*Asks:* 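Sending over a structure as structure tokens; questions will come in a sec.
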Number of protein chains: 2
Amino acid sequence: MHSELRGGINSTEEVTSKLRELIMNGTLVQGERLTETGLAARLAVSRTPVRLALATLEREDLVEGAPNRGFRVRRFSIEDMREIMEVRAVLEGMAARLLAEKGLEPDQNATLQECLNGIAELIASKRHDPETFREFARINDRFHTSIAAFAGNTALQRLMVRNPFRSAPLLHFLPDEEGRAALIDAQRDHIRLVDAIRKGEGTRAEFLMREHGLLPLQRADQLFTNINKNAANQRTDEAS
Amino acid sequence: MHSELRGGINSTEEVTSKLRELIMNGTLVQGERLTETGLAARLAVSRTPVRLALATLEREDLVEGAPNRGFRVRRFSIEDMREIMEVRAVLEGMAARLLAEKGLEPDQNATLQECLNGIAELIASKRHDPETFREFARINDRFHTSIAAFAGNTALQRLMVRNPFRSAPLLHFLPDEEGRAALIDAQRDHIRLVDAIRKGEGTRAEFLMREHGLLPLQRADQLFTNINKNAANQRTDEAS
DNA sequence: TCTTGTTGAATTGCATGCAATCTTGTGTAA
DNA sequence: TTACACAAGATTGCATGCAATTCAACAAGA
């Protein structure tokens, strides 16, 4: 009974976010079996909140369950991630368009500008350590979340909050140099995006955002291509 | 303990879909309080599956719950419905674009054609009774569901299946003549949409679908305008 | 060696008890 | 009459027991 929990109003919520975190940061490996009793013991609660939490996570597509056979951590293939990002890109594009069409309030404009400035500072600092990338992820998240919130469509906003996939975590898989390049690319996109929104150019904003949303995917492809090339080269080497 | 249930493998699923149905068809009124014990008694199960079902429905935005204060049926304002439809229209537009870009398999093409033919028959029959509208709703649903399925993005498909709002039910609120007009409009949209998909014109398909998705909204606005006009006239009458 | 049947342990799904929290109705004081 | 306080009833949230199902290991037969 080592209480890894305690601190929230109700257990179910605590368990849900704790599990979400454990899955997202890889502590619970993809495909791993999740038993109610096991998790209950680990989190020092009874099976009831665990069961509730798992049902919630199933709706978020973080775990998948079969009747009478419990749950396991969902496996995400590259193809799955591509699909999720495509959907996200379209939804975020919609948010950008709505915001451009509606116009920015002064404080909203200021918020976006803060994000631009923050990332600009990070780039100017020329650092490429993990902390820099985490800071980028925070600002980037705020930038995108803000646009979704400012767009004024609560149904859209809710959908995006629940769709758990953010692109930033992918940066961790890139080597430092590439990570820095990705950061610069992202900033370039952000600047053009904010420009379009400020000018009320809805269609331009929408498609800039779509393209921006697929940016990490291109890098993933690139990574994959490199990996495949290496594999191919190795096979050629072996054959000779 | 009048068993309104029994017939499925597990209770939770049964309760979930039963509740979904009760909410959708209006048996459970918007804003109505839902007590676990009440529902459990009504559906002849214990509180456990009811609790799980309510958690699921909360994620679907059909009910809303507050900590320690249970759940109530969610209230949908006109504005809420507009927002949901806008999101749906964008997602369906995406599906149409993907399908157009990917190209139709022969059997997929046949399925869409069947839908077109079915609705054409309904229009030709010149009937405007409730059964005709229900049949339209069925075919219409199949049409849209098929496009979502054929698009080949499972993340998108899942999102659309879970977003419970379909436009067809709104037709019930329209007088018969308007309903028939709406049906003709929809068919016109469908034909152009399928044309765009067949020709691989992704952008055209996407925006036709967006416009099509907002069609019931325009009619709702029209209805509302009429209602308001009536109200205004009555006020003028009273004043004179 | 591979397939198939069987048995026991593990696990899920549901029911229910109990404490904590909220709601509601009544009484009291200003 | 209104505002407030308080207590009783109702309801939620969590823990846990029990039956039904599934899983795993092992043995028997092809």
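Keep in mind that this is a model prediction, so the values were computed, not measured. Numbered from 1 within each chain, the chains take letters A, B, ... in sequence-line order.
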*Asks:* Using 4.0 Å as the upper bound for N to carboxylate O, is an ion pair formed by A:Arg20 and A:Glu60?
*Replies:*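 Salt bridge flag = yes for A:Arg20 with A:Glu60.
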*Asks:* Among D:dA15, C:dT11, D:dT11, which nucleotide sits nearest the side chain of B:Arg33?
*Replies:*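 So the side chain of B:Arg33 is nearest to D:dT11.
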*Asks:* Measuring to OP1 and OP2 of C:dC14, would you say a side-chain N or O of B:Ser11 lies under 4.0 angstrom away?
*Replies:*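 Result: yes.
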*Asks:* Can you list the residues that meet the side chain to side chain contact (heavy atoms under 4.5 Å, CB included) rule with B:Thr37, with sequence neighbours excluded?
*Replies:*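 With neighbours one apart ignored, the set is B:Thr35, B:Arg47.
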*Asks:* Which nucleotide sits closest to the side chain of B:Thr37: C:dT11, D:dT11, C:dA15?
*Replies:*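 Ranking C:dT11, D:dT11, C:dA15 by closest atom to the B:Thr37 side chain puts D:dT11 first.
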*Asks:* Rounded to the Å, how far apart are B:Glu13 CD and C:dC14 P?
*Replies:*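 In whole Å, C:dC14 P lies 9 Å from B:Glu13 CD.
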*Asks:* Identify whether any heavy atom of A:Thr35 sits under 4.0 Å from a base atom; if not, whether one sits that close to sugar-phosphate; answer base, sugar-phosphate or nothing.
*Replies:*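 Sugar-phosphate, backbone atoms only, no base.
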*Asks:* Can you find a donor-acceptor pair, distance only, under 3.5 Å between A:Arg47 side chain and C:dG13 base?
*Replies:*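 Pair found.
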*Asks:* Is any side-chain nitrogen or oxygen of A:Ser46 closer than 4.0 Å to OP1 or OP2 of D:dA15?
*Replies:*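 Affirmative; the distance criterion is met.
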*Asks:* Give the rounded distance in Å between these two atoms: CG of B:Leu39 and P of D:dT11.
*Replies:*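 Going from CG in B:Leu39 over to P in D:dT11 covers 11 Å.
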*Asks:* Do the charged groups of B:Arg142 and B:Glu114 touch, with an N to O distance under 4.0 Å?
*Replies:*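 Yes, this pair counts.
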*Asks:* Hey, does B:Leu34 reach any base, or is it just sugar-phosphate, or nothing, if we go heavy atoms under 4.0 Å?
*Replies:*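 B:Leu34: backbone/sugar contact only, no base atoms under 4.0 Å.
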*Asks:* When you check the phosphate oxygens OP1 and OP2 of C:dT23, does a side-chain N or O of B:Arg69 lie under 4.0 Å from one of them?
*Replies:*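 Result: yes.
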*Asks:* Output the rounded distance in Å from CG (A:Asn68) to P (C:dA10).
*Replies:*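 Those two atoms, CG and P, are 18 Å apart.
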*Asks:* Could you state the CG-P distance from B:Leu52 to C:dT12, rounded to the nearest angstrom?
*Replies:*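 About 13 Å, once rounded to whole Å.
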*Asks:* Can a salt bridge be assigned to the pair A:Arg97 and A:Glu101 using a cut-off of 4.0 Å between side-chain N and carboxylate O?
*Replies:*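 Yes, charged N to carboxylate O under 4.0 Å.
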*Asks:* Whole angstroms only, please: what is the CD-C1' distance between B:Glu36 and C:dA20?
*Replies:*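 Taking atom C1' of C:dA20 as the reference, CD of B:Glu36 is at 14 Å.
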*Asks:* At what distance, to the nearest 0.5 angstrom, does CD1 of A:Ile147 lie from NE2 of A:His190?
*Replies:*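 The NE2 atom of A:His190 is 7.5 Å from CD1 of A:Ile147, to the nearest 0.5 Å.
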*Asks:* Strictly below 4.0 Å: does B:Thr12 bring a side-chain N or O up to OP1 or OP2 of C:dC14?
*Replies:*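 Yes, because at least one side-chain N or O of B:Thr12 sits under 4.0 Å from OP1 or OP2 of C:dC14.
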*Asks:* Nearest whole Å is fine: how far is D:dC14 P from B:Arg51 CZ?
*Replies:*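 Roughly 7 Å, once rounded to whole Å.
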*Asks:* Which nucleotide in the set C:dC14, D:dA15, C:dA15 lies at the smallest distance from any side-chain heavy atom of A:Pro49?
*Replies:*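 The listed nucleotide nearest to A:Pro49's side chain is D:dA15.
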